[in-house]
Colleague: 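This structure is in structure tokens; I'll ask about it shortly.
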There are 2 protein chains.
Amino acid sequence: MRKSDAVAAIIETIESNIEQGLWKPGFRLPTERELELRLGVARNTLRKSLKKLEEDGKIVRQIGRGSFVAEPATSNNVMTSLLNQVLGSSPSEVMEIRLVLEPWAAGLAATRATAADLMQMRDCIAHAAGAPDVPTFEKWDGELHQTIISSAKNGLLAGLYEAINTVRHQPEWMKLKQRTVTDDRRAAYHRQHGEIVDALAERDPEKAARLIRDHLIAVRISLLGE
Amino acid sequence: MRKSDAVAAIIETIESNIEQGLWKPGFRLPTERELELRLGVARNTLRKSLKKLEEDGKIVRQIGRGSFVAEPATSNNVMTSLLNQVLGSSPSEVMEIRLVLEPWAAGLAATRATAADLMQMRDCIAHAAGAPDVPTFEKWDGELHQTIISSAKNGLLAGLYEAINTVRHQPEWMKLKQRTVTDDRRAAYHRQHGEIVDALAERDPEKAARLIRDHLIAVRISLLGE
DNA sequence: CGATATTGGATCAATAATGGATCAATAGTG
DNA sequence: CACTATTGATCCATTATTGATCCAATATCG
């Protein structure tokens, strides 16, 4: 047989199958042992082609499962996987992110929040103070934080934070809160919330960021210990 | 016998029954022992499909009662609204968030990244350098940033960033990139990427954070102007 | 109420299919 | 001849699927 770079030829064949939509993303390729017959080439040669295709991100191979046309991360797929990610993430992970996002967002909110935003925050605080039980307190606490984030006037950020906030509906999270949110702590949180909103009203970004950071550290300690 | 991914096939069958309204929310599915006969597969295989459907929130299963088509969930709404939010967000909003998230994540990655992570980053850089066109460059650039974020070992953060990253597939974003990513800039980005990964390999959090921040500022300027 | 049947949950072992890896032999190219 | 691509073969690691058994929660019926 001639030396005509069979590897490159096979790559082009498979690539054209993909690009022409004959093999769509997620499609399972024929097994190597079938492809070698269909293409009239040794398995070793075929595998060199597949290796290159994998390195280029065109296909994905898994031992025992098969080879698949690579799937671009479509928004839909990502969102459903994000949902599972959120539902399965630990309080530690959640707090780690909140501790970065919220102080920064509060800094922005200090300059961007409207009077209506501030009023809504005070409303949340009042509702939280009058909450008869922990779940109700949690609801208004979440609403308050969401309002602060939204006041940063970055829609994408608000959406991301809302996604994070759904973790509060998780049974595990609710149990944790139920166990750790004592009356003493509720009082402390109430005071901290008030100070944060005051700082926002004073248009003091550093102060708002510092206060919400302190607040979140207190929350983290009460949830996870030191 | 051939491995034909029976699990996926069953999932699609059941999903289509639901989506076509044949099985409405609340409908009780046939018992597993009946379905395995009807679908001609082992119960174990069937159960893998049902488990996946349950994880995706499509059905609800209860011991002793049966499996039921799930009611549309609220957490699902949050994710679809996030999806719309992502698709509709401006490059300015995206960069504002990346500028906060990535330097911080890089700082964590400097201590948490594994050798395999670093190798994968270098791989992405090499692929980006050899990319024949802007879309391919964009793909590997996105992959690189995602790898850095994932190296922070916070699953929730990785999920959130992946959601942000899907914006790259938006036509508006791609056009913007096509117009602004010149060869000069590609060369500059390539150098910056290399320096960032070097800093991570040196386990220097401050340096990594500073470098990725500078890089993102350069990207923002090229995308949006001063 | 209590006994029994039904239903999903969980685990195990066995078999087969699949990609991963290596080696020696062969054929074409220069 | 020397070199390289290709072949053909063998074995390994992981996964899918099957078939079976037992457990846990619920429903049903006497």
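The figures that follow rest on heavy atoms only: side chains count, while hydrogens, waters and symmetry mates do not. Letters A, B, ... mirror the listed sequences (proteins, then strands); counts begin at 1.
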Colleague: Taking 4.0 Å as the cut-off, does a side-chain nitrogen or oxygen of A:R43 come that near to OP1 or OP2 on C:dG19?
Modeller: no

Colleague: Answer yes or no: does a side-chain N or O of B:R28 lie under 4.0 Å from OP1 or OP2 of C:dT7?
Modeller: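 Yes.
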
Colleague: Who pairs with B:H190 by ring pair (Phe, Tyr, Trp, His ring centres under 6.0 Å), at least two apart in sequence or on another chain?
Modeller: none

Colleague: Do any side-chain nitrogens or oxygens of A:R47 fall under 4.0 Å of OP1 or OP2 in C:dG20?
Modeller: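 Checking A:R47 against C:dG20: at least one side-chain N or O falls below 4.0 Å of OP1 or OP2.
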
Colleague: Does the pair B:K153/B:D117 count as a salt bridge with the N-to-O cut at 4.0 Å?
Modeller: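 So B:K153 pairs with B:D117 through a salt bridge.
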
Colleague: Rounding to an integer number of Å, can you tell me how far B:E32 CD sits from C:dA10 C1'?
Modeller: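 Taking atom C1' of C:dA10 as the reference, CD of B:E32 is at 11 Å.
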
Colleague: When the distance from CD1 of A:I10 to C1' of D:dT7 is rounded to whole Å, what number comes out?
Modeller: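 The distance from CD1 of A:I10 to C1' of D:dT7 comes to 12 Å, rounded to the nearest Å.
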
Colleague: Over how many whole Å does the gap from A:E36 atom CD to C:dT18 atom C1' extend?
Modeller: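 Answer to the nearest Å: 13 Å.
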
Colleague: Please tell me which of the listed nucleotides, C:dG9, D:dT17, D:dT6, lies nearest to the side chain of A:A6?
Modeller: D:dT6

Colleague: What parts of residues 51-63 of chain A reach DNA chain D, counting only heavy atoms under 4.0 Å away?
Modeller: A:I63

Colleague: When you measure only distances, ignoring hydrogens and angles, does the side chain of B:K48 come within 3.5 Å of the base of D:dT17 through a donor and an acceptor?
Modeller: no

Colleague: Could you name each residue pair satisfying ring-ring contact (aromatic ring centres under 6.0 Å, His included) that touches residues 42-79 of chain A, not counting sequence neighbours?
Modeller: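 Sorted pair list comes back empty.
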
Colleague: Please verify the inter-ring angle class for B:F27 with B:W23; under 30° counts as parallel, over 60° as perpendicular, anything in between as tilted.
Modeller: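 Ring orientation, 0 to 90° scale: parallel.
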
Colleague: Does a side-chain N or O of B:R65 approach OP1 or OP2 of C:dG8 to a distance below 4.0 Å, or not?
Modeller: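 No, B:R65 has no side-chain N/O under 4.0 Å of OP1/OP2 on C:dG8.
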
Colleague: Only counting residues at least two apart or in another chain, list the ones meeting ring pair (Phe, Tyr, Trp, His ring centres under 6.0 Å) with B:H169.
Modeller: none

Colleague: For the pair made of CG in B:L35 and C1' in C:dG8, what is the distance, rounded to whole Å?
Modeller: 12 Å

Colleague: Could you check A:A42 against A:R33 and say which one's nearest nucleotide on DNA chain D is further toward the 5' end?
Modeller: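 The residue whose closest nucleotide sits nearer the 5' end is A:A42.
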
Colleague: Please list all pairs passing the salt bridge (Lys or Arg N to Asp or Glu O under 4.0 Å) test where one or both residues lie in residues 16-32 of chain B, with sequence neighbours left out.
Modeller: B:E32-B:R43, B:E32-B:R47, B:E32-B:R61

Colleague: Using whole Å, what does the distance between atom P of nucleotide D:dA16 and atom CZ of A:F68 come to?
Modeller: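 Distance check: A:F68 CZ to D:dA16 P gives 8 Å.
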
Colleague: In this structure, how many angstroms lie between the C1' atom of D:dA9 and the CG atom of A:L46, rounded?
Modeller: 16 Å

Colleague: According to salt bridge (Lys or Arg N to Asp or Glu O under 4.0 Å), who are the partners of B:E15, at least two apart in sequence or on a separate chain?
Modeller: B:K58

Colleague: B:D5 CG to C:dG19 P: how many Å, rounded?
Modeller: 12 Å

